[in-house]
Colleague: 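Got a structure for you, written out below as structure tokens; questions coming shortly.
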Amino acid sequence: MSAVSLRLPEYLHEQVRVLAEREKISINQLITLAVAEKVAVLLAEDQIRMRAKNASRAKFLAALSKVPSTEPAPEDRFE
């Protein structure tokens, strides 16, 4: 594991401290979780972009045409 020196504005540091205390975890754990979440989002965006390059509207429409045109089950309906 590596160590990183991080400079935060006072107001942000205070918010992090309060949130970490509320979650009953250390500031280090909260920041690690926040960075992990952000990295996951950015990597997912990259993956979606890569898959979108291989997308085909014709294939999508062909797959969509195979979906039966029926009413949704009662539990799947929006009110």
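Throughout, residue positions are numbered sequentially from 1 according to the sequence presented.
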Colleague: Calculate, to the nearest 0.5 Å, the distance between atoms CD1 and CG belonging to I31 and L8 respectively.
Modeller: 5.5 Å

Colleague: Quick one: salt bridge (charged side-chain N to carboxylate O under 4.0 Å, His left out) pairs with a partner in residues 50-59, sequence neighbours left out?
Modeller: none

Colleague: Tell me whether L12 shares a hydrophobic cluster with L19, the cluster being built from Ile, Leu, Val, Met, Phe, Trp, Tyr side chains joined at under 4.5 Å.
Modeller: yes

Colleague: Any side chain to side chain donor-acceptor pair (under 3.5 Å) pairs touching residues 62-73, not counting sequence neighbours?
Modeller: none

Colleague: Using atom types as modelled, flag every donor-acceptor pair under 3.5 Å from a side chain in residues 32-48 to any protein atom, sequence neighbours excluded.
Modeller:
residue: T32; atom: OG1; partner: N28; partner atom: O; Å: 2.8

Colleague: Specify the closest pair of heavy atoms between L30 and V16, including all atoms of both residues, with the distance to one decimal.
Modeller: CD2-O, 3.5 Å

Colleague: What residues form a side-chain hydrogen bond (donor to acceptor under 3.5 Å, both in side chains) with S26, not counting sequence neighbours?
Modeller: Q29

Colleague: Partners of D76 by salt bridge (Lys or Arg N to Asp or Glu O under 4.0 Å), sequence neighbours excluded?
Modeller: none

Colleague: Show every side chain to side chain donor-acceptor pair (under 3.5 Å) that has at least one partner inside residues 1-16, sequence neighbours left out.
Modeller: E14-R17

Colleague: Given a cutoff of under 4.5 Å between side-chain heavy atoms of I, L, V, M, F, W and Y, with clusters grown through shared members, what are the other residues clustered with M50?
Modeller: none

